[in-house]
Number of protein chains: 2
Amino acid sequence: MGEKMISSIAELIADRIGTMPAGERRAAQTLIASYPMIGLKTVAEFSTAAGVSSPTILRFVARLGFQNYPEFQSSLQDELAAQLQSPAIRTLNPPSPGGGTVSPMLEATLDNMRETFRHLSDKQLADIAARLADRRGKTFLIGGRFTDPLARYMAAHLAVIQPDVFHLAGQESMWRDRLIDMGKRDVLVIFDIRRYQDSLVRFAEKAHQRGVQIVLFTDQWLSPIARFARHVIAGRTAVPSAWDSSAALFVVAETLIGAVTRQLEAGGARRIREMEGLR
Amino acid sequence: MGEKMISSIAELIADRIGTMPAGERRAAQTLIASYPMIGLKTVAEFSTAAGVSSPTILRFVARLGFQNYPEFQSSLQDELAAQLQSPAIRTLNPPSPGGGTVSPMLEATLDNMRETFRHLSDKQLADIAARLADRRGKTFLIGGRFTDPLARYMAAHLAVIQPDVFHLAGQESMWRDRLIDMGKRDVLVIFDIRRYQDSLVRFAEKAHQRGVQIVLFTDQWLSPIARFARHVIAGRTAVPSAWDSSAALFVVAETLIGAVTRQLEAGGARRIREMEGLR
DNA sequence: GGAGCGCTGTACCGTATGTTACGTATTTTA
DNA sequence: TAAAATACGTAACATACGGTACAGCGCTCC
């Protein structure tokens, strides 16, 4: 194993810059100087920035071992994506003093929530909440094998503050029959994360054809149901565990429950009184 | 001052996504889901990722106010570059100007989790996990009106990796009858937060009398069931909402699921093989 | 129920981009 | 100093990328 560990293109360049001719070295230096942005632009821009010609840039990336320029750019993008995934905290993170098994899990979960909400604007949430608070139609909720409890949780709360909230449970054939109750004024909330369930996809498609507005809770890779969804909430699910985490989606669900409640209160719904007594 | 402050393309999208037709909205959602990497790739890749045609992508960026696709990509790159420059100033979810309803909720939830885990030692969790992984007895799970979905969630996972996991659902009279199945080798996991449910308390007491080991998930004020419980997990539940939050308990549950899974793997349980295939 | 509008995808086009061939300059070696 | 080898840029090339015209379709609104 005489090979060195090369994990980033920057290291690769540092490793080989000594063997490069003058022109390619200038290319390498300009790339390092504003790494990696220049590498994402066109060959022409790169070349003028480095003060060399286009072919020199191409010879440069070829020397790094890439077959062509697009392949080089893809590598840079992948590297960037990986870097953006772990929001810097990871590197600055204290080495979890206890060395316990809980800290990494908690930290990852907290990161997931921050990331999830980072991609989620107040306006989006408000729009969805408004849709759920619009009481001209019914609300149906359903989830997959592991996410159905989230649907139940949301349904349990919404059902308190408004009528016509239904959690779809049981066998697939059971939901099917509920399709005839669904129309364009209704909302269907679906939870579906990897591995996406065919039965849910089919159901979503049927509902979509009937004009039902679909609110989808899924992971960052988007369930195929996104195709039919009016609103998509993409939550982060990766944690250091054998399982995916639905915690971020859970928090979004709670946030939505709160938002819907607030909107109904503002609207002066009668039901709310009863709920007050409940607390 | 009617204009809003738009500082990132992500915000721009969130602002206008409501006015977009279906196809363009799908483009917006896929971009947000893995922001901003997809936007740096070619139109063709973007379009297939979003499941729409190329022109739809171009109309999408046009609607955002860009003259053409390269200009759009340049903006994304500039944004990325600025972001990479200042790793500290991660002000990506800005102080949510206006009546920011989401940020306080998220912040409170994150605080709750940190506080919850601060009062929870690795050893406690490991003990509980060991108890749940001990397969000489059965595992029963049950929850209250709003927390029962948490019991379901946990049961759904545990049932995959070990036999004899039962979620107690339905009417109170139903659980009662299950009491005769319970003995001192068995574990009962109960979720109970304010307002504590009498029916659950009574059930817990009966189970306790039969020697069942009770693991209680509750809030920081402790359900009366704590009196009978072998292990108590007290989660923070206060959030700026009309409802209490079960998110901290949810994360503890996920952590436990992970820990139990790990212990069973270490023990070389046969069931785990099947689960591997499942993932 | 019919007319109009808006949205979406297919097919095609022009061009900017990556790529290659070749000639010149520069350095290296005998 | 001469000759050879390497490196670099100019210019021509081909591909694939972004862009556009157009037709089909569904939707909404009379």
Side-chain angles (χ1 to χ4, degrees), chain A residues 16-31 36-77 136-137 182-186 205-214 226-230, chain B residues 9 13 16-31 36-77:
Chain A
R16 305 197 185 174
I17 197 173
T19 71
M20 291 181 187
E24 299 179 28
R25 198 174 314 134
R26 291 183 62 185
Q29 283 161 346
T30 40
L31 175 57
M37 298 315 295
I38 293 280
L40 298 178
K41 300 189 186 296
T42 68
V43 174
E45 286 178 281
F46 193 169
S47 66
T48 57
V52 297
S53 67
S54 298
T56 299
I57 300 296
L58 296 177
R59 282 187 284 261
F60 163 66
V61 302
R63 190 182 300 264
L64 292 179
F66 297 99
Q67 293 299 322
N68 48 30
Y69 194 71
E71 181 181 308
F72 162 72
Q73 287 188 315
S74 292
S75 279
L76 280 180
Q77 288 190 10
R136 286 175 303 189
M182 303 186 190
K184 36 186 57 172
R185 316 208 85 100
D186 302 328
E205 182 171 11
K206 295 246 173 54
H208 173 68
Q209 285 168 355
R210 296 186 60 89
V212 178
Q213 302 244 3
I214 295 180
R227 184 182 181 80
F228 314 115
R230 181 75 172 73
Chain B
I9 295 180
I13 292 171
R16 305 197 185 175
I17 196 172
T19 71
M20 290 181 188
E24 299 179 28
R25 194 162 45 231
R26 289 178 58 190
Q29 284 160 346
T30 43
L31 175 57
M37 298 315 294
I38 293 279
L40 299 178
K41 302 190 184 295
T42 68
V43 174
E45 285 177 284
F46 192 168
S47 66
T48 56
V52 298
S53 67
S54 299
T56 299
I57 299 296
L58 297 176
R59 284 187 285 261
F60 162 66
V61 302
R63 190 181 299 265
L64 292 179
F66 297 99
Q67 293 299 322
N68 48 31
Y69 195 72
E71 182 181 308
F72 162 74
Q73 287 188 315
S74 292
S75 279
L76 279 181
Q77 286 189 10

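We name chains A, B, ... by the order of the sequence lines, and we start the count at 1 in each one.
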Report task. Using atom CZ of A:R210 as one end and atom P of D:dG26 as the other, report the distance to the nearest whole Å. Result -> 17 Å

Query raised in the report: Under a 4.5 Å cut-off applied to non-hydrogen side-chain atoms, are B:I17 and B:Q29 in contact?
Result: yes

Query raised in the report: Between the side-chain atoms of A:R59 and the base atoms of D:dG9, is any donor-acceptor pair under 3.5 Å?
Result: yes

Query raised in the report: From the list D:dG18, D:dC8, C:dG18, which nucleotide is the closest neighbour of the side chain of A:V43?
Result: C:dG18

Report task. Round to the nearest Å and state the distance from A:L58 atom CG to D:dG9 atom P. Result -> 12 Å

Query raised in the report: Can you tell me how far C1' of D:dC27 sits from NE2 of A:H208, to the nearest Å?
Result: 12 Å

Query raised in the report: Taking CD1 from A:I57 and P from D:dC8, how many angstroms apart are they, rounded to a whole number?
Result: 11 Å

Query raised in the report: When the distance from OH of A:Y69 to C1' of C:dG18 is rounded to whole Å, what number comes out?
Result: 10 Å

Requested in this report: Return the value, rounded to whole Å, for the distance between atom CZ of B:R26 and atom C1' of C:dG9.
Outcome: 12 Å

Report task. From the options D:dG18, D:dG9, C:dT19, select the nucleotide whose nearest atom is closest to the side chain of A:S53. Result -> D:dG9

Report task. Would you mind reading off the distance between A:R227 atom CZ and C:dT8 atom P, rounded to a whole angstrom? Result -> 12 Å

Query raised in the report: Can you find a pair of side-chain heavy atoms, one from B:T42 and one from B:Q73, that are under 4.5 Å apart?
Result: no

Query raised in the report: Of all the nucleotides listed (C:dT8, C:dT19, D:dG19), which has the minimum atom distance to the side chain of A:N68?
Result: C:dT19

Query raised in the report: Do B:I9 and B:F66 touch side chain to side chain, with heavy atoms closer than 4.5 Å?
Result: yes

Query raised in the report: Quick one: on DNA chain C, does B:T19 or B:S54 contact a more 5' nucleotide (nearest heavy atom)?
Result: B:T19

Query raised in the report: Between C:dG18, D:dA7, C:dT8, which one does the side chain of B:E24 approach most closely?
Result: C:dT8

Query raised in the report: Closest to the B:V52 side chain: D:dG18, D:dC8, C:dG9?
Result: C:dG9

Query - Minimum heavy-atom distance between B:P36 and B:L76, given as atom pair plus value - result: CB-CD2, 3.8 Å

Query raised in the report: So, B:R16 side chain and B:R63 main chain: donor-acceptor pair closer than 3.5 Å or not?
Result: yes

Query raised in the report: Of the nucleotides D:dT28, D:dA7, C:dT8, which one has an atom closest to the side chain of A:K184?
Result: D:dT28

**Report entry** Length of the line joining B:R25:CZ and C:dC7:P, which is rounded to integer Å
**Finding:** 11 Å

Report task. Could you say whether B:P55 or A:P55 is positioned toward the 5' end of DNA chain D, judged by the nucleotide with the nearest heavy atom to each? Result -> A:P55

Requested in this report: Please determine if a side-chain N or O atom of A:T56 lies less than 4.0 Å away from the OP1 or OP2 oxygen of D:dG9.
Outcome: yes

